[in-house]
Amino acid sequence: MVLRYDNPHLNIAEVACLYGGFLGLWTLKALKQQRNGSEDLSRKSRFGKEPLKIVSWWILAVALTYVIDIANLVVYALRTPNWWPHKASVVCLVLSLLFWGVVLISCADTSELPRYTNSFFSAYRVNVLYAWLTEAIFESVFLAFTPIPGDTFQGILMADHLARVLLCIFAFAIYVTYRRKRPSRDTMDYEERTMFESGTQLDPEAPEGQSSQALPHTTKRSDAKKSKKNTSWIAYFKSFAILFPYLWPVKNLRLQLHVFVCVLLLIFGRIANILAPRQLGVVTEKLSETNSGVPWFEVLLFVFYRFLQGNMGLVGSLRSFLWIPVSQYAYRALSTKALQHVLGLSYDFHLNKRGGEVLAALTKANSVNTFVEQLLFQIGPVLTDLAVAIIYFFVKFDVYFSLVVLVMTFCYCYVTVKITSWRTEARRKMVNSWRDSYGVQNDAIMNYETVKNFDADEFENHRFGDAVDKYLLQENTVLSSLSVLNIIQGGIFTSSLCVACLLSAYKVSFGYNTVGDFVVLLTYMTQLQQPLNFFGALYRSLQNSIIDAERLLEIFEEQPTVVEKKDAAPLKVTNGRVVFSNVSFAYDPRKPVLSNVNFVAEPGKVIALVGESGGGKSTIMRILLRFFDVNDGSITIDDQDVRDVTLSSLRSSIGVVPQDSILFNDTVMYNIKYAKPSASNEEVYEAAKAAQIHDRILEFPDGYHSRVGERGLKLSGGEKQRMAVARAILKNPTIILLDEATSALDTNTERHIQASLNRLAAGRTAIVIAHRLSTITNADLILCISNGKVVETGTHEDLLKHDDGVYRKMWLQQANKDPSSKKFSVE
Ligand SMILES: Nc1ncnc2c1ncn2[C@@H]1O[C@H](COP(=O)(O)OP(=O)(O)OP(=O)(O)O)[C@@H](O)[C@H]1O
Ligand SMILES: N[C@@H](CCC(=O)N[C@@H](CS)C(=O)NCC(=O)O)C(=O)O
């Protein structure tokens, strides 16, 4: 009796212990990591680089002993008539080899940069230690009960057992040697270098440079990023949980029903995938029977099952059809929520952001949806079909067939993921070099004149040719690696098909199975191949949608820095008295911008802020609008602190005329009405008249319906500013903030603008930033701001009296720049 081949229980126990324990430990690790953060896991429980190498060799040696075992067995079984080992023992032998294969791969993946799924296999010390111990115990038992070898077969078998026991002893020696050594930095930082790092890995297909740092750093977000870096898989997916409520149609029962039916159809699709090959088997059986007539019904049933099958079949199409509204619901919910969230973020985010990137992230709002769909309708069904095959073959045929599918699944998926990850990088390079060559072409055409002037046609042609060569080289890598991938995938699949067919043919020949069974097996397996052919592409697009979703998540994690108090009441404006008391503020604590600013803007008066550029004038307006909170002191409007009132009531009580008004790419009417959408056209005309722009608008080709162009480009600076004044007049706020245009306008325009501003300011509290002092000589109070401090206050006349005053100096400076102007005189 050979324990290894005749005692299934011991074999099953060994494999169950290996797999069960390993998986159990892996789960425990993941849970522990989630509870404690990843610190202990990434630092303590991974191998250092050096031991990892030795361990990998060790595992390879163990795996080789199993290869020898299997080869030994096959040779012996073929040479010995009427002898076959117990089925479970053979299965366990193959599973043991697979197990050590997985562990070996986990080591290989730990030593290099893991990505996504690969990190599922990362080698933890405790897991490998556990596997050693299990192996040591079982192999010792096997060895103890192996009879003294009587022939080569038994000799090799014994040598294998002995080799494994010795290897386990050696493993113990490795453990003792390296136990106390801390892991080296190389592997210690392994998690830090994973996909969460804002490095080039972020977007596999984005051009170099662009992929890093999806968004600019603000303090809050970088904290979020840091915590994500060292996260477990469970925690990682949990972080997406805030997006899921938008995917699920909470309040829509009809859509929920759609989801339910889609899931049912998905399950039904799996069943149809068994029914069709099964039916073909039945048809084959019927046809092989002599004199049984034509199996019309069986054939028609088979055709019907075929009609149901596949993504394009009845079930798949019905599923796609029912999913449309669910998918659209999710898209709407996510994209509107994302925009709402971004608009709700504070000013600092918008100042820091790289507009294009935020927009890109927002346009990919569908990514989470796509991710779920890909998982649910593409990868999920393929993997389920494989699992169903394993179970179905076990029940219907033989455990060997299941084993073939299992090993094939593992090898196929692993190899595809590995090669695809590598190819993704190659594709990224290809896209980059394509962009480069496009850039060269574009440059040459855009600079046509320069090229001609320098007679540089030849040069440009060469430059473009070189760029194209570079692109073609990358394309070659991508295309040839696609062929390699297809060959390897085909090789793995065909080998398993070959083993399964040979096994089945053997069984049919010896009468254990019918021809129908052979047909069922062959059909089921070949129908698995089609979706598996696109496994790599699916994996890549899954990766991409995860990356997009991550970017969206980053935006959702961003929190506004200025938040309303819970009990904030609406601002009640009575007169519009604005008081700054001891206000200090800094964007960055290292560089104070305003210190101890005090002033009162009395109702109905015009307060002018003047001073050097960068002194802090615009900042005063921003903190009044509460785009930022003051660090010290307080700002009150009619005795209510701006921090105690609702943001919307605060901002709707203040009208702003910015220096450079940016308009929406729409009509003049739309742009003015933006301040008060409910306003009638007459109100708009009145406001425009008050802003001295009405007549001008009427001169435009389409009057009030003329489009203003992108950001208002079709209007002149003066027109835009008067439009902004018209808007502010329409809004009719009690307090207005004016940032005057810096550039000198022609006298006529200036007169118009000044008149419009005077109309706007009349009867309101006006705070005006003045760049040209000539415009504010009539202000009720002028504040000179220098280095964030109010250095002088008074009326124009008062301030000119200070011989060494800052204001007087500025006045004279501006007069010197414009000596012809009569506006500037000290008298
Ligand atoms: N978002 C920001 N983050 C950090 N520093 C900023 C920010 N905005 C402005 N600053 C700095 O704050 C200081 C005051 O800027 P502010 O725009 O208030 O000056 P200003 O007096 O309005 O200048 P100008 O007349 O040129 O518009 C400047 O030194 C500027 O560099
Ligand atoms: N069998 C491969 C290739 C599948 C395939 O042909 N993919 C299509 C797109 S769905 C393709 O054009 N791929 C180009 C490429 O991968 O470079 C895989 O599993 O990824």
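We count ligands from 1, going down the list as the structure has it; atoms in each ligand are counted the same way.
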[atom] [closest protein heavy-atom partner, distance rounded to 0.1 Å]:
atom	value
atom 25 (O) of ligand 1	Lys617 NZ, 3.0 Å
atom 3 (C) of ligand 2	Leu482 CD1, 3.5 Å
atom 29 (O) of ligand 1	Lys591 NZ, 2.7 Å
atom 26 (O) of ligand 1	Ser613 OG, 2.6 Å
atom 1 (N) of ligand 1	Leu351 CD1, 3.1 Å
atom 17 (O) of ligand 1	Ser618 CB, 3.6 Å
atom 16 (O) of ligand 2	Arg423 NH1, 2.9 Å
atom 10 (N) of ligand 1	Tyr587 CE1, 3.3 Å

Given that the side chain starts at C-beta and the backbone is N, CA, C, O, which of these parts of Thr619 lies under 4.0 Å from ligand 1, counting heavy atoms, or is it both or neither? both
With the side chain counted from C-beta on, respond yes when [X] and [Y] share a heavy-atom pair under 4.5 Å apart, and no when they do not.
X	Y	answer
Phe599	Thr793	no
Leu386	Leu532	yes
Met723	Leu663	yes
Val578	Phe580	yes
Ile782	Ile776	yes

Using a strict 4.0 Å cut-off to heavy atoms of [X], name the atoms of ligand 2 that fall inside it.
X	value
Arg427	14 (C), 15 (C), 16 (O), 17 (O)
Val478	17 (O)
Gln489	1 (N), 2 (C), 18 (C), 19 (O)
Arg540	16 (O)
Asn533	1 (N), 2 (C), 3 (C), 4 (C), 18 (C), 19 (O)
Phe535	19 (O)
Gly536	18 (C), 19 (O), 20 (O)

I'd like to know if atom 11 (C) of ligand 2 has any protein heavy atom within a distance of less than 4.0 Å. no
Considering only NZ, NE, NH1 and NH2 on the basic side and carboxylate oxygens on the acidic side, decide whether Arg428 and Glu425 come within less than 4.0 Å. yes
Hey, are Asp629 and Arg643 close enough for a salt bridge, meaning a charged N less than 4.0 Å from a carboxylate O? no
Which distance, rounded to the nearest 0.5 Å, do you find between the CG of Asn582 and the CG of Asn596? 4.5 Å
Just heavy atoms, cut-off under 4.0 Å: does [X] contact ligand 2 by side chain, backbone, both, or neither?
X	answer
Phe534	both
Asn486	side chain
Leu485	side chain

Please list, in number order, the atoms of ligand 1 under 4.0 Å from a heavy atom of [X].
X	answer
His771	25 (O)
Gly616	14 (C), 16 (P), 18 (O), 19 (O), 20 (P), 21 (O)
Val593	12 (O), 13 (C), 14 (C)

Out of Gly614, Pro592, Ala586, who is nearest to atom 20 (P) of ligand 1 when you count heavy atoms only? Gly614
When you measure from atom 9 (C) of ligand 2 to each heavy atom in Ala537, Gly490, Ser541, which option holds the nearest one? Ala537
Should we say atom [atom1] of [X] is surrounded by more than 12 heavy atoms from elsewhere, each under 6.0 Å from it?
X	atom1	value
Asp641	CG	yes
Lys605	NZ	no
Gln530	CD	no

Below 30° counts as parallel, above 60° as perpendicular, anything between as tilted: where do the rings of Tyr587 and Phe585 land? perpendicular
Phe627 and Tyr347 aromatic ring geometry - parallel, tilted or perpendicular at 30°/60° bounds: parallel
Return yes if some donor-acceptor pair links the side-chain N/O of Glu558 with the main-chain N/O of Phe349 below 3.5 Å, else return no. no
Are a donor atom and an acceptor atom from the side chains of Ser346 and Thr561 found within less than 3.5 Å of each other? yes
